[in-house]
Amino acid sequence: MAYWLLKTEPDEYSIDDLAKVDSFCWDEIRNYQARNLIRDQIKTGDFAFIYHSSCKQVGIAGIVEIISDGEIEQAQFNPEHAKFDPKATQEKPKWYSFQLKFKQKFNRIIPLSWIKQQPELEDMVLCKQGRLSVQPVTQPQWQFIIARAK
DNA sequence: GCCAACGTTGGC
DNA sequence: GCCAACGTTGGC
């Protein structure tokens with residue numbers, strides 16, 4: 001089982017929105033590093049942090065469970081869709097998505113500023129590479145953050 | 001809203 | 001395949 005961190009702008013879609021639905025398709029990712037992780041590595045039964053970016057309280061807001069492997073994303077084929085990709089074909093899709101479901105909202109956001117201060121978390125992708133919207137989390141990092149959330 | 005850091009595009 | 005120009009992300 002693997003752990004992940006998923007960024008979202010809460011003004012667009014937040015942990016509270018996730019809590020309202022049975023499941024949700026995490027799509028519209030248009031970054032090759034993230035795409036490769038989704039296509040090749042994300043599996044049913046993995047868990048992920050939901051991270052709120054570009055907002056007042058930047059940080060980790062809660063936990064979701066991954067409930068599908070990576071699957072071909074549909075928006076890329078839809079000319080009406082903002083994320084339509086004219087270079088993608090059914091035979092050669094470019095982008096991938098996956099399904100997830102809400103597990104838990106933390107009582108308080110775990111702030112990025114706190115994460116950056118922890119020596120145990122200094123190797124987190126979040127600290128090293130700001131811009132990756134789907135990123136792996138190691139088990140020690142996951143456990144360390146979970147402990148703080150309690 | 002600014003702007004640094006990073007990713008993508010496209011001419012050569 | 002290099003790299004300059006451009007676009008986007010995302011913290012502050």
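Chain identifiers are assigned alphabetically (A, B, ...) following the order of the sequence lines, protein sequences preceding nucleic acid strands; residue numbering begins at 1 within each chain.
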Taking only N/O atoms, report every protein-nucleotides 2-6 of chain C pair under 3.5 Å with atom names and distance.
none

A:E73 meets the side-chain hydrogen bond (donor to acceptor under 3.5 Å, both in side chains) criterion, sequence neighbours left out, with A:R30
Out of C:dG10, B:dT8, B:dG7, which nucleotide sits closest to the side chain of A:Q33?
-> B:dG7
Nearest-Å distance for atom pair CZ/P, residues A:R30 and B:dT9 | 12 Å
Residues in residues 72-94 of chain A with a heavy atom under 4.0 Å of DNA chain C, by number, are none
Give a yes/no answer on whether the side chain of A:Y51 brings an N or O atom under 4.0 Å of OP1 or OP2 in C:dG11.
-> yes
Starting at atom CD of A:Q129, determine the distance to atom C1' of B:dG7, rounded to an integer number of angstrom.
-> 10 Å
Which one, C:dG10, B:dG7, C:dG11, comes nearest to the side chain of A:N31?
-> B:dG7
Indicate, with a heavy-atom threshold strictly under 4.0 Å, whether A:K116 touches base, sugar-phosphate, or nothing.
-> sugar-phosphate
For A:K94, does the NZ atom have more than 12 heavy-atom neighbours from other residues, nucleotides or ligands under 6.0 Å away?
-> yes
Examine C:dG10: is either OP1 or OP2 under 4.0 Å from a nitrogen or oxygen in the side chain of A:K7? Give yes or no.
-> yes
Side-chain cluster (under 4.5 Å, hydrophobic types only) that A:I67 belongs to, other residues = none
Please give, in whole Å, the distance from C:dG10 P to A:L126 CG?
-> 10 Å
For A:E9, which contact category applies under a 4.0 Å heavy-atom criterion: base, sugar-phosphate, or nothing?
-> nothing
Look at the side chain of A:S54 and the backbone N and O of A:E9, then say whether any donor-acceptor pair between them is shorter than 3.5 Å.
-> no
Does A:I15 offer a backbone N or O that forms a donor-acceptor pair with the side chain of A:H52 under 3.5 Å?
-> yes
When we call it a touch if two heavy atoms are under 4.0 Å apart, what does A:S53 touch: a base, just sugar-phosphate, or nothing?
-> sugar-phosphate
Whole-Å distance, A:L132 CG to B:dT8 C1', equals 15 Å
Given atom CD1 of A:I60 and atom P of C:dG10, what is their separation to the nearest angstrom?
-> 14 Å
A:L6 CG to C:dG10 P, straight-line distance once rounded to whole Å = 12 Å
Does A:Q57 have any side-chain hydrogen bond (donor to acceptor under 3.5 Å, both in side chains) partners at least two apart in sequence or in another chain, and if so, which?
-> none
Under 4.0 Å between a Lys/Arg side-chain N and an Asp/Glu carboxylate O for A:K128 and A:D123?
-> yes
Is it the case that one hydrophobic cluster holds both A:F24 and A:F102, taking links as side-chain heavy atoms less than 4.5 Å apart, direct or via other members?
-> yes
Just say parallel, tilted or perpendicular for the rings of A:F144 and A:W114, cut-offs at 30° and 60°.
-> parallel
Whole-Å gap separating P (C:dG11) and NE2 (A:H52) | 12 Å
In whole Å, what is the span from the CE atom of A:M124 to the C1' atom of C:dG11?
-> 16 Å
A:S68 meets the side chain to side chain contact (heavy atoms under 4.5 Å, CB included) criterion, sequence neighbours left out, with A:E71, A:F98, A:Q99
